[in-house]
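Predicted, not measured: the structure shown is a model, and the values here were computed from it.
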Amino acid sequence: LSSVLVAQYPYYIWHDTMMQETGPITFLTALAVVFIYLSKRSESLAPQILAGVSLGLSILFRATLLPFAVLALGWIAMFGAHTTRGRMQKAGTFGVVLALVVSPWLIRNYLLIGSPTLTTHAGLYLWLANHPDSFSYYPAQSMDLTEPGAWEKLSPGELQEIRALTNNEVGQNRWFTRKGMEYIGSHPFQTIERAIRKVLIAFSWIFSPAKDILIQTV
C-alpha cells in the first residue's frame with residue numbers, strides 16, 4: 001500500500017505530510033481527474049457526477065483546492081464533449097453536484113458564524129505565507145516557525161484590532177486576508193519568486209524539512 005501511495009505521489013516521503021489530510025485529498029483529487037477525463041469519452045453524465053462528488057469532498061478537506069475546481073469546470077466546458085450543448089450540460093452537471101456536496105458546510109457556517117465560507121483560517125495562512133520573514137526557515141525547516149516572529153512584529157494598534165475581533169471569526173479572517181494582500185501588493189515580484197520556489201522545492205531532491213546526511217544520501 002505504501003509503495004502504491006508513493007508511486008502516485010512522491011511528496012509523501014519527501015516532505016512533512018499529514019496523512020489524515022494529505023492522503024484523502026490526493027486520492028480524491030486524482031480520482032476526480034480520472035472521471036473528468038472519462039467525461040470526454042462518455043455520453044453519460046455519470047463521470048461528471050462522480051467527479052463533482054470527488055472534488056467536492058476534496059474541497060471539504062482543504063479549501064485551497066477550490067481554484068482547481070474552477071479550472072476543472074472550465075476544462076469540461078471547453079473540452080468535455082464534441083458539441084456546445086453537450087459541454088454545457090456536462091459542465092452544469094459537474095457544477096451542480098460540486099455545489100451540493102459543499103453546500104451543507106456552507107450552510108452550517110452561515111448559521112453559526114454568519115458567513116457561507118469554506119474556512120475562516122485562509123486569511124491567517126495567507127498572511128503567514130506573505131510577510132517579510134515567511135521563507136526565513138523554509139525549506140530547511142517548517143514555514144510555521146516564522147509565526148511567532150510575525151506576531152511580534154505587529155504594531156500595538158494592529159494587535160488591538162485583532163483582539164477586538166476575538167469573537168468574530170469572519171472579521172479576523174478578513175483582517176488577515178487584507179494584511180496578506182497588502183504585502184503581496186507591495187512585493188509582487190517577491191511573491192512570484194516565492195511561489196516558483198515553493199513549487200520547485202516540492203519537486204527537488206532535497207528533503208523539506210531537512211534530514212541528516214545519511215537519510216538524504218540514501
Side-chain angles (χ1 to χ4, degrees), residues 11 15-18 20-22 24-25 28-29 55-74 95 98-202 208-209:
Y11 193 96
H15 294 268
D16 55 334
T17 57
M18 295 183 292
Q20 74 274 19
E21 179 185 270
T22 307
I25 67 166
L28 290 168
T29 305
L55 206 49
L57 292 174
S58 297
I59 292 170
L60 292 177
F61 272 100
R62 186 177 292 174
T64 50
L65 283 167
L66 184 59
F68 178 76
V70 175
L71 292 174
L73 179 64
L98 183 71
L100 288 174
V101 173
V102 301
S103 60
W105 180 249
L106 297 178
I107 294 170
R108 176 260 184 199
N109 286 341
Y110 177 75
L111 295 175
L112 289 183
I113 62 177
S115 176
T117 181
L118 286 169
T119 176
T120 56
H121 298 288
L124 177 63
Y125 297 149
L126 179 68
W127 171 61
L128 291 176
N130 294 280
H131 64 81
D133 301 322
S134 292
F135 275 60
S136 57
Y137 291 95
Y138 186 79
Q141 295 175 279
S142 172
M143 189 180 290
D144 296 340
L145 296 176
T146 65
E147 183 172 355
W151 279 94
E152 290 175 1
K153 290 185 177 181
L154 292 175
S155 69
E158 290 173 326
L159 291 173
Q160 183 60 37
E161 290 176 3
I162 296 172
R163 291 191 192 100
L165 296 169
T166 298
N167 297 318
N168 185 349
E169 289 184 49
V170 177
Q172 274 199 355
N173 185 58
R174 290 171 179 166
W175 192 95
F176 284 113
T177 299
R178 176 174 55 82
K179 190 72 175 175
M181 292 304 297
E182 286 176 355
Y183 188 84
I184 291 173
S186 301
H187 304 80
F189 296 109
Q190 183 189 64
T191 301
I192 295 172
E193 183 264 339
R194 285 178 170 181
I196 294 172
R197 282 181 61 195
K198 191 77 164 59
V199 174
L200 291 178
I201 289 166
S208 177

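- Scanning for side-chain contact (heavy atoms from CB on, under 4.5 Å) contacts around Val70 gives an empty result, with sequence neighbours left out.
- Scanning all heavy atoms of the two residues, the minimum distance from Leu55 to Ala72 falls at CD2-CB, 4.1 Å.
- Residues that satisfy the side-chain contact (heavy atoms from CB on, under 4.5 Å) test with Glu161, not counting sequence neighbours, are Trp175, Arg178.
- Under the side-chain contact (heavy atoms from CB on, under 4.5 Å) criterion, Leu200 pairs with Ile196, sequence neighbours left out.
- Side-chain atoms of Thr146 and Ser136 form no donor-acceptor pair, as typed in the model, at a separation below 3.5 Å.
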Give the C-alpha distance, both sets of side-chain angles, the deciding distance and a yes or no for side chain to side chain contact (heavy atoms under 4.5 Å, CB included) between Phe176 and Leu128.
CA-CA 9 Å; Phe176 284 113; Leu128 291 176; over 6 Å; no
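- The aromatic rings of His187 and Tyr183 lie parallel to each other, with less than 30° between the two planes, well short of the 60° mark.
- For the residue pair Val170 and Ser115, the shortest heavy atom distance occurs at CG2-CB, 3.6 Å.
- Summarising the geometry of Arg194 relative to Pro132, their closest heavy-atom pair is NH2-O, 3.2 Å, with the distance given to 0.1 Å.
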Side-chain atoms of residues 100-108: list all donor-acceptor pairs with protein atoms under 3.5 Å, sequence neighbours left out, distances to 0.1 Å.
{"residue": "Ser103", "atom": "OG", "partner": "Ala99", "partner atom": "O", "Å": "3.2"}
{"residue": "Ser103", "atom": "OG", "partner": "Leu100", "partner atom": "O", "Å": "3.0"}
{"residue": "Trp105", "atom": "NE1", "partner": "Leu118", "partner atom": "O", "Å": "2.8"}

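- Phe61 meets the ring-ring contact (aromatic ring centres under 6.0 Å, His included) test with no other residue; sequence neighbours excluded.
- Screening Asn109, Ile113, Asn168 for a side chain to side chain contact (heavy atoms under 4.5 Å, CB included) involving Thr120 leaves a single residue, Ile113.
- Summarising the geometry of Ala69 relative to Leu98, their closest heavy-atom pair is CB-CD2, 3.8 Å, with the distance given to 0.1 Å.
- Here the OH-CG distance, from Tyr125 to Asn173, works out to 10.5 Å after rounding to the nearest 0.5 Å.
- Annotation: side chain of Glu169 is not in contact with side chain of Thr117 (no heavy-atom distance under 4.5 Å).
- Atoms CE and OG, on Met143 and Ser208 in that order, are 8.5 Å from each other to the nearest 0.5 Å.
- Between the CG atom of Leu65 and the CG atom of Leu28 there is a distance of 9.5 Å, given to the nearest 0.5 Å.
- Rounding to the nearest 0.5 Å gives a distance of 4.0 Å between CH2 of Trp151 and CD1 of Ile162.
- Contact between Ser142 and Tyr137 at its shortest, heavy atoms only, is O-CB, 3.7 Å.
- Scanning for side-chain contact (heavy atoms from CB on, under 4.5 Å) contacts around Leu73 gives Ala91, Phe94, with sequence neighbours left out.
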Inset, instruction - Kindly indicate, with the supporting measurements, whether the criterion side chain to side chain contact (heavy atoms under 4.5 Å, CB included) is fulfilled by Glu158 and Lys179. - result: CA-CA 10 Å; Glu158 290 173 326; Lys179 190 72 175 175; 2.3 Å; yes
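- Rounding to the nearest 0.5 Å places CG of Leu57 at 12.5 Å from CD1 of Ile25.
- Atom CD in Gln172 sits 9.0 Å away from atom CG in Asn167 (nearest 0.5 Å).
- Side-chain atoms of Phe68 and Ile59, non-hydrogen and from C-beta on, never get closer than 4.5 Å to each other.
- Taking both residues in full, the closest heavy atoms of Pro188 and Ser186 are given as CD-C, 3.4 Å, listed atom of the first, atom of the second, then distance.
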